Each structure stands twice: as C-alpha cells, then as structure tokens.
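Here is the structure we will look at, set down as structure tokens.
As the structure is a prediction and not an experimental result, all values here were calculated from the model. Naming: A, B, ... by sequence-line order, numbering from 1 per chain. All heavy atoms count here, side chains included; hydrogens, waters and symmetry mates do not.
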Amino acid sequence: MTLPQRFYARPTLEVARDLLGKVLVHRAPDGVAAGVIVEVEAYIGEDDPACHAAVGPTRRNAPLYGAPGRAYVYLNYGLHYLVNAVTEREGFPAAVLIRALEPIEGLELMQRRRGRAPWRKGKPDVDVTRLCRGPGNLSTAMGIDLALNTSALFKRPLTIEDRGVDVGNVRWGPRIGITRGVEHAWRCWVEGSRAVSGRS
DNA sequence: CGTTCGATGCACT
DNA sequence: GTGCATCGAACGT
C-alpha cells in the first residue's frame, strides 16, 4: 500500500524511523525501479543549522515549507540530485533525506542509469550492493531529478509504499557529510544492511 | 587500511 | 564570488 499523506504529517524523527523498511518506487517511462529504504537523515526547522531552511525561506527551499508528503529534490555539488520527503505541517520546514536503498526491482535499469555517469566511462558494471548506496547514487539509479521536485509521494510516478518488509534493529547516529548540526543524532539506518553508506 | 582532491552547477549574498 | 546534505579515483601508510 502507498503511504498516505498523513504518514508524513508527524514529527520528523518518527517519520524518519518509520521510513526504514518502506519501499521507494519510481514508475518512469523507461521502466520501474524500486528499493527498500535502509538509511535516512532528518532535517528539522530553521533552528537546525544543517537544514536548508536555516537561512529562512528562499526560492530553492520553498518545498520544505510546503505541504507534507511531497518530494524535495535539489542538485548538490553540481553533480548529484538528492531526494527528501517533506514532513510535519505546512509552514514548518522539515524533511527526511533518503540516503540508501536495497534495490529490489529494476536492477538492470538502475545499472544502466548508473553506468551513464560521466566519471565511470568504460566501467559500465556497478556492484549491486552499491547501486543505491548514498543519496546521490540512489537518485541516479532511480532516475530521480529536478522534474520530480514537489511531486506528491502518495501519487505516481514516485511513491513510497509499505510492503510489509521487516527491518531488524534500527540504529541512530550523527548525520554525515555536513559541517554544522553534527550534535544531533538524526541519522538512522538498518543495522547490518550492506547498502548503508559510510562503511568500508 | 587511511586521507585528499577534482569534477561540476546553481542558489544565495 | 562562495559554499555546498557527494562520489570515487588516486594516492599515502
């Protein structure tokens, strides 16, 4: 079942934890790709120095202030698209960044998309466990780009679904890849998943 | 094992 | 002009 909009209209840390084990599905013109969410990070409010809303409302971060249950997609480092699920309520900027998936559907499609990345010319094969490891990688594999910014996650083509996947233990720790706001343990992941980023 | 660093685009000041 | 919620190759130990 596709998660309803009200799933996202809750405290962000609860949404973050509950997103683990849910399935991100992109029904694109070139095929369907899906994966189990195994790693996320929460970004909560203008008081969170790592949240894009820390500078107040701008054109770029406007989706964070909008209705919950929509995607916030943006280009990072000029190279990678990162995808978030907007949470809480209209007017309060918060979201959950999706950082890693365990691919379950459309593996060939994902590998084809990953192989197109300019820096891996001549190396078309991508290890399956690395296909969706890291927020930039998963967006590439899933075919997510700016066209999906503000798209509702409870409607196709980009949805998050409950397929009854049982995650084991969930662990919490500091968010990674940021310089401010490190004091918050707002990253959570499925213990033991090989797709989780930040491991050898 | 570990760390460094270049690629690359755009929102924001 | 500055600074990123990254990735992976290329080095050093």
Side-chain angles (χ1 to χ4, degrees), chain A residues 8 12-13 15-17 19-20 24 35 37-66 70-88 92-101 103 110-150 153 158 160 171-189 194-200:
Chain A
Y8 304 93
T12 304
L13 294 179
V15 176
R17 182 199 58 215
L19 278 174
L20 297 181
L24 181 66
I37 298 170
V38 294
E39 182 189 4
V40 298
E41 284 177 357
Y43 290 85
I44 309 173
E46 294 180 346
D47 292 335
D48 173 5
C51 182
H52 282 183
V55 294
T58 64
R59 187 160 78 254
R60 179 203 217 188
N61 66 26
L64 286 175
Y65 290 82
R70 307 191 85 93
Y72 171 45
V73 182
Y74 70 96
L75 181 64
N76 178 61
Y77 290 104
L79 295 166
H80 309 287
Y81 296 106
L82 272 57
V83 59
N84 301 251
V86 175
T87 58
E88 308 260 355
F92 184 85
V96 175
L97 169 69
I98 301 174
R99 288 192 59 91
L101 309 175
M110 291 183 181
Q111 282 170 329
R112 226 177 305 137
R113 286 167 172 158
R114 288 294 310 279
R116 282 201 287 265
W119 54 82
R120 55 171 52 254
K121 271 185 179 139
K123 313 172 74 178
D125 307 293
V126 181
D127 178 9
V128 173
T129 77
R130 292 188 183 183
L131 263 182
C132 296
R133 182 165 120 174
N137 286 337
L138 84 83
S139 293
T140 300
M142 294 289 291
I144 293 171
D145 61 17
L146 282 187
L148 288 167
N149 191 26
T150 73
L153 294 170
L158 185 65
I160 301 180
R171 309 226 354 163
W172 291 85
R175 295 172 293 183
I176 57 182
I178 56 171
T179 54
R180 292 167 318 216
V182 183
E183 65 274 16
H184 296 122
W186 286 351
R187 169 173 175 251
C188 72
W189 66 93
R194 300 193 51 213
V196 171
S197 60
R199 45 164 51 228
S200 70

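- Distances were taken from every side-chain heavy atom of Arg114(A) (C-beta onward) to each of dC7(C), dC4(C), dT8(B); the shortest belongs to dC7(C).
- Atom C1' of nucleotide dA5(C) and atom CD of Glu41(A) are separated by 6 Å, given to the nearest angstrom.
- The aromatic ring of Tyr43(A) stacks onto the base of dA5(C), its centre lying under 5.5 Å from the centre of the six-membered base ring with the two planes under 30° apart.
- The separation between Tyr77(A) atom OH and dA5(C) atom P is 6 Å, rounded to whole Å.
- With sequence neighbours left out, Arg113(A) forms a salt bridge (Lys or Arg N to Asp or Glu O under 4.0 Å) with Asp30(A).
- Counting distance only, with no hydrogens placed and no angle test, the side-chain atoms of Asn61(A) and the base atoms of dA11(B) include no donor-acceptor pair under 3.5 Å.
- If you measure from atom CG of Asp145(A) to atom C1' of dG9(B), you get 14 Å, rounded to the nearest angstrom.
- Arg70(A) is linked by a salt bridge (Lys or Arg N to Asp or Glu O under 4.0 Å) to nothing, counting only residues two or more places apart in sequence or in another chain.
- The nearest whole Å value for the distance from the CD1 atom in Ile98(A) to the P atom in dT6(C) is 15 Å.
- Straight-line distance from the CG atom of Leu75(A) to the C1' atom of dC7(C): 13 Å, rounded to whole Å.
- Listed candidates were dA7(B), dC10(B), dC4(C). Nearest to the side chain of Leu79(A) is dA7(B).
- Contact annotation: His80(A) does not reach the phosphate of dT8(B) (side-chain N/O to OP1 or OP2, under 4.0 Å).
- Straight-line distance from the OH atom of Tyr81(A) to the P atom of dC7(C): 15 Å, rounded to whole Å.
- When the salt bridge (Lys or Arg N to Asp or Glu O under 4.0 Å) test is applied to Arg60(A), no partner is found at least two apart in sequence or on another chain.
- Evaluation of the side chain to side chain contact (heavy atoms under 4.5 Å, CB included) rule for Phe92(A) yields Ile44(A), Glu88(A), Arg89(A), Ala94(A) as partners, not counting sequence neighbours.
- For Ser139(A), the side chain to side chain contact (heavy atoms under 4.5 Å, CB included) test picks out Tyr81(A), Val83(A), Ile144(A), with sequence neighbours left out.
- For the C1' atoms, the distance linking dC10(B) with dG8(C) amounts to 23 Å, nearest Å.
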Report task. Give DNA chain C the dot-bracket treatment, 5' to 3': Watson-Crick (N1-N3 with N6-O4 or O6-N4) or G-U (N1-O2, O6-N3) under 3.5 Å, [ ] crossing, | other strand. Result -> ||||.|||||||.

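- Using a 4.0 Å heavy-atom criterion, one finds that Gly136(A) contacts the sugar-phosphate atoms exclusively.
- Residue Asn137(A) has a polar side-chain atom (N or O) positioned under 4.0 Å from OP1 or OP2 of dC7(C).
- Side-chain atoms of Tyr74(A) and Asn61(A), non-hydrogen and from C-beta on, never get closer than 4.5 Å to each other.
- Using a 4.0 Å cut-off between charged nitrogen and carboxylate oxygen, Arg175(A) and Asp48(A) count as a salt-bridge pair.
- Remark: P of dC7(C) and CG of Leu131(A) are 13 Å apart, rounded to the nearest angstrom.
- Residue contacts shown for Ile178(A) are limited to sugar-phosphate atoms, with no base heavy atom under 4.0 Å away.
- Distances shown here put every side-chain N or O of Arg133(A) at or beyond 4.0 Å from the OP1 or OP2 atom of dG8(C).
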Query - Derivation and outcome, side chain to side chain contact (heavy atoms under 4.5 Å, CB included), residues Val128(A) and Gln111(A) - result: CA-CA 8 Å; Val128(A) 173; Gln111(A) 282 170 329; 3.8 Å; yes

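- The nearest whole Å value for the distance from the CG atom in Asn76(A) to the P atom in dA7(B) is 17 Å.
- At the heavy-atom level, Arg59(A) lies under 4.0 Å from the strands shown only through sugar-phosphate atoms.
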